[in-house]
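Here the structure is laid out as structure tokens; the discussion comes afterwards.
Note that the structure is a prediction, hence the values are computed from the model and not measured. Just so you know, residue 1 is the first one in the sequence shown, and it goes up from there.
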Amino acid sequence: MLSKILIRVGIVLLVLILAYVLRLIYLVQNTPAAAGFGTGTAITACPTSKPNCVSTLNTEEGFKAYPIAFSGDAASAVAKLKAAIQTEPNVEVVFENAQQIEVTFKTALFGFRDDARFAINPATNHIEFSSASRVGYSDLGVNRKRMERIRAAFSAGK
């Protein structure tokens with residue numbers, strides 16, 4: 001008798017956990033982008049209240065990233081940057097012009113969305129960027145690792 005009760009309690013708990021995970025996935029799928037995203041707005045520094053962002057405008061440890069250096073003209077850098085961005089899976093370009101690219105990355109498992117902005121600065125031959133998760137407190141370094149992969153692909157000319 002006790003084992004039947006424990007089995008039923010276990011089943012109820014599994015159903016509740018599944019319902020919670022499905023609700024979380026639904027919320028993540030329908031989380032709007034950051035204000036101004038996809039409109040060519042400027043790169044921003046990360047708010048330091050949550051470690052789920054990296055930006056070349058930050059000076060704080062954990063949030064700071066270094067710009068991507070390039071040689072040559074801005075048009076060539078943009079073309080090379082677009083190719084480097086496309087080496088990442090589940091990427092969608094939401095805005096681009098001659099000096100800016102804005103993209104959304106979607107994680108494979110739960111479909112979490114991260115927004116990234118890139119801006120070409122021809123005066124310094126640098127590409128400034130910021131990348132942040134839309135939801136959650138920590139991203140476990142996902143945005144930083146992705147930006148470093150894009151930097152490596154850019155440097156390799158991919």
What one should report as the nearest heavy-atom pair of Ser49 and Tyr137 is O-CE1, 3.4 Å
Applying side chain to side chain contact (heavy atoms under 4.5 Å, CB included) to Val12 and not counting sequence neighbours gives Leu16
(message) Looking at Val54, is its backbone amide N or carbonyl O close enough to the side chain of Asn143 to form a donor-acceptor pair, meaning the two atoms are under 3.5 Å apart?
(response) no
Query raised in the report: Are Ser55 and Ile43 close enough, and set up right, to give a side-chain contact (heavy atoms from CB on, under 4.5 Å), and what steps lead you there?
Result: CA-CA 8 Å; Ser55 174; Ile43 303 292; 4.2 Å; yes
Exercise for review: Go through the side-chain N and O atoms of Ser138 and Asn52 and say whether any donor and acceptor fall under 3.5 Å apart.
Suggested key: no
d(Arg117 CZ, Ser131 OG) to nearest 0.5 Å is 11.0 Å
| said: Using side-chain heavy atoms (C-beta onward) and a distance below 4.5 Å, is Met147 in contact with Tyr66? | reply: no
side-chain contact (heavy atoms from CB on, under 4.5 Å) test vs Ile150 passes for just one of Lys145, Glu88, Gln86, namely Glu88
> Would one find more than 12 heavy atoms of other residues, nucleotides or ligands at under 6.0 Å from atom CZ of Phe95?
Replying inline: yes
Practice item. Start with the C-alpha distance between Thr48 and Asn58, add both sets of side-chain angles, then the distance that settles side-chain contact (heavy atoms from CB on, under 4.5 Å), and finish with yes or no. Key: CA-CA 9 Å; Thr48 56; Asn58 279 80; 4.1 Å; yes
In this structure, OG of Ser3 is separated from CZ of Arg8 (nearest 0.5 Å) by 10.0 Å
Interatomic distance, CD@Glu102 vs CZ@Phe118, rounded to 0.5 Å, equals 10.5 Å
Let me have the donor-acceptor pairs involving side chains of residues 70-79, under 3.5 Å, with sequence neighbours excluded, atom names and distances please.
| from | atom 1 | to | atom 2 | distance (Å) |
| --- | --- | --- | --- | --- |
| Asp73 | OD1 | Ala75 | N | 3.1 |
| Asp73 | OD1 | Ser76 | N | 2.7 |
| Asp73 | OD1 | Ser76 | OG | 3.1 |
| Asp73 | OD2 | Ser76 | OG | 3.3 |

| Applying the 4.5 Å side-chain criterion to the ILVMFWY set and letting contacts propagate, would Val135 and Val142 be lumped into a single cluster? | no
ILVMFWY network linking Leu57 to Val103, side-chain heavy atoms under 4.5 angstrom = no
Step by step, would you call Asp139 with Phe112 a side-chain contact (heavy atoms from CB on, under 4.5 Å)? CA-CA 10 Å; Asp139 69 347; Phe112 293 115; over 6 Å; no
Heavy-atom closest pair (Ile120 atom, Pro122 atom, distance to 0.1 Å) is O-CD, 3.4 Å
Residues at least two apart in sequence or cross-chain that pass side chain to side chain contact (heavy atoms under 4.5 Å, CB included) with Ala42, listed by chain then number, are none
Point to revise | Whether Arg144 side chain and Ala65 backbone form a donor-acceptor pair below 3.5 Å | key: no
Separation between OG1 (Thr56) and CD (Glu128), nearest 0.5 Å, reads 3.5 Å
Q. Just wondering, are more than 12 heavy atoms of other shown residues or ligands nearer than 6.0 Å to NZ in Lys50?
A. yes
(request) Give a yes or no answer on whether the side chain of Arg151 reaches the backbone of Pro67 with a donor-acceptor pair at less than 3.5 Å. (result) yes
### Task
Before giving the answer on side-chain contact (heavy atoms from CB on, under 4.5 Å), spell out for Ile101 and Leu81 the whole-Å C-alpha distance, their side-chain angles and the decisive distance to 0.1 Å.
CA-CA 9 Å; Ile101 301 173; Leu81 177 61; 3.9 Å; yes
